[in-house]
Amino acid sequence: MLTTRPRGTSDILPGEVEKWQYVEECFRRLCREYGYAEIRTPIFEHTELFNRGVGDATDIVEKEMYTFRDRSDRSLSLRPEGTAAAARAYLESNLNAGPQPVKLFYTGPMFRYDRPQAGRYRQFHQVGVEVFGSPRPAVDAEVIAMAMDFCGRLGLKLELHLNSVGCPDCRPVLREKLTAYFRAHQNDLCADCLRRLASNPLRALDCKVPRCRELAKNAPTSLDCLCGSCAAHFQDVQKYLKALGIDYVVDRYLVRGLDYYTKTAFEMMAPGIGAQSSVGGGGRYDNLVETIGGPPTPGIGYAIGLERLLLAMQEQGSELPGRDRPDVFLASVDDTLESEALQLLQTLRQKGLAADKDYLGRSLKAQMKYAGKTGAPAVVILGKEELARGMIILKDMTTGAQKEVPAAELAEEIGKLRRKGSTS
RNA sequence: GUGGAUGUAGCUCAGUUGGUCAGAGCACCAGGUUGUGGCCCUGGGGGUCGUGGGUUCGAGUCCCAUCUUCCACCCCA
């Protein structure tokens with residue numbers, strides 16, 4: 001156990017981590033362009049926040065939270081998602097007193113105690129955004145467009161599923177209709193759905209059992225019960241998406257698992273990455289802020305799972321960076337030149353070059369071999385005779401050609417090789 | 001939480017009906033004579049055969065338990 005990581009977690013090692021950085025950088029740039037500012041919240045919160053914010057009856061709260069008591073007997077939980085904490089911070093720091101809307105983004109690890117499988121881990125990573133303070137459908141459109149833009153920039157083609165789950169005014173209507181409908185067919189329902197019928201009939205809509213699916217096809221859905229304002233809102237969102245040229249399918253069986261969702265719900269699906277095909281999703285949560293004790297405040301957001309995003313990118317053959325390589329590697333013909341080597345290395349680095357050298361006292365041959373493996377486009381070789389003349393050997397690793405360069409011109413010459421290497 | 005599969009060197013895998021079975025390729029390291037990589041040749045290091053029990057004269061090979069990973073369900077990112 002000492003040398004094994006906890007179940008469902010992973011080490012992101014060099015070679016892999018560059019891909020993460022690439023995706024995260026892309027997201028940051030995107031957020032900047034869309035006007036979202038970063039917020040960093042704690043990785044754990046009072047358990048109560050999630051109970052209230054995410055919902056007591058959800059699977060997340062019921063059986064997936066990492067909950068513990070600290071030394072002062074407070075019940076704390078590792079965050080299972082990012083929205084509740086963002087809403088809490090919005091209230092706690094009185095961001096609701098400033099200019100509205102407030103547009104935030106976050107990145108970081110989330111934790112859910114669940115059985116791991118492809119695309120599902122106990123510690124996973126999300127990037128996400130939240131907008132507080134605007135009820136207008138144009139915001140819904142922006143948020144969805146942004147999420148799709150992000151995936152598009154990464155070379156991904158995803159299916160956008162769109163639905164409206166209504167508001168507290170239309171929910172009871174749906175619930176009633178749905179319960180009546182399923183009750184009339186309860187002999188055909190699976191055991192799970194019978195249970196759902198009592199707890200949350202909405203969930204029966206996306207049951208995977210074939211027979212239930214058949215039933216669900218004709219069942220009333222939230223779209224059949226939208227109140228006037230929800231229906232208009234949904235129409236507007238679609239109108240704006242069309243104006244933006246964003247393809248989507250209305251998926252009336254799309255039910256988001258978290259209690260706080262209202263009106264717009266959407267999900268981005270990537271077939272081909274296993275059963276967990278949802279790369280990201282989100283929606284409107286006009287009641288969340290109020291639920292956790294704030295003033296009525298509309299909100300909308302989404303979260304994207306980075307593990308799944310990367311899976312989908314690999315599946316679809318998107319370009320991802322490989323391991324970072326130095327600009328230049330420094331080798332010396334023998335270790336009596338160690339001082340000179342260290343000096344030169346520092347000089348190169350201070351000129352902005354990524355430079356490295358051998359630290360095992362290896363032979364020149366072994367140093368060259370190692371240099372080749374680092375992928376450095378240039379190698380600088382310190383030779384005694386050349387050094388005496390103020391010259392340094394510079395080798396172009398892609399052609400194998402080498403020449404002597406005056407020490408003063410070295411950095412510039414390396415720069416040329418670096419540019420050549422990066423464009424080829 | 002439920003069901004199924006998996007687990008041999010860093011990686012991909014061989015290992016007959018339990019008795020030289022602890023191996024191969026790749027990777028790693030060092031050499032192939034004087035101060036130079038990518039090909040080739042030679043040699044070397046490295047594994048309590050996931051872990052813990054049990055059966056047996058003897059188990060990587062059989063049994064049980066446990067852990068991991070994978071697949072599906074549940075649910076979600």
* Where along residues 307-338 of chain A does a heavy atom come under 4.0 Å from RNA chain B, residue by residue in number order? -> A/Arg308, A/Val333
* Asked: Can A/Phe124 be said to stack with the base of B/A77, given centres closer than 5.5 angstrom and planes under 30 degrees apart?
  -> yes
* To do: Compare every heavy atom of A/Gly133 with every heavy atom of A/Thr297, then report the nearest pair and how far apart it is.
  => CG2-N, 3.8 Å
* **Pairwise C1' distance, B/U33 and B/G45 [rounded to whole Å]** => 25 Å
* Asked: Any salt bridge between A/Glu386 and A/Lys384, counting N to O under 4.0 Å?
  -> no
* **N or O in side chain of A/Arg115 less than 4.0 angstrom from B/A72 OP1/OP2** => no
* Quick one: which of B/A77, B/U69, B/G35 gets closest to the side chain of A/Gln126? -> B/A77
* Could you give me the stems involving RNA chain B, meaning stretches of three or more consecutive Watson-Crick or G-U wobble pairs whose two defining distances are both below 3.5 Å? => B:1-5 with B:69-73, B:10-13 with B:23-26, B:28-32 with B:40-44, B:50-54 with B:62-66
* To do: Let me know which of A/Val165, A/Asp140, A/Leu223 forms a side-chain contact (heavy atoms from CB on, under 4.5 Å) with A/Phe234.
  => A/Leu223
* Would you give the length of the straight line joining atom CD of A/Gln314 to atom CG of A/Leu309, rounded to the nearest 0.5 angstrom? => 10.5 Å
* Considering only atom P, compute the distance from B/U12 to B/U55 and round it to an integer number of Å. => 35 Å
* Asked: Looking only at atom C1', what distance separates B/C26 and B/G46, rounded to whole Å?
  -> 14 Å
* Sub-6.0 Å ring centroid separation between A/Phe111 and A/Phe124 -> no
* Asked: Between A/Arg153 and A/Glu33, is a salt bridge (charged side-chain N to carboxylate O under 4.0 Å, His left out) present by the stated rule, with each step listed?
  -> CA-CA 13 Å; A/Arg153 291 182 190 199; A/Glu33 289 166 13; 2.6 Å; yes
* With a 4.5 Å limit on heavy-atom distance, are the side chains of A/Met148 and A/Leu160 in contact? -> yes
* Should A/Glu404 and A/Arg389 count as an ion pair when the cut-off is N to O under 4.0 Å? -> yes
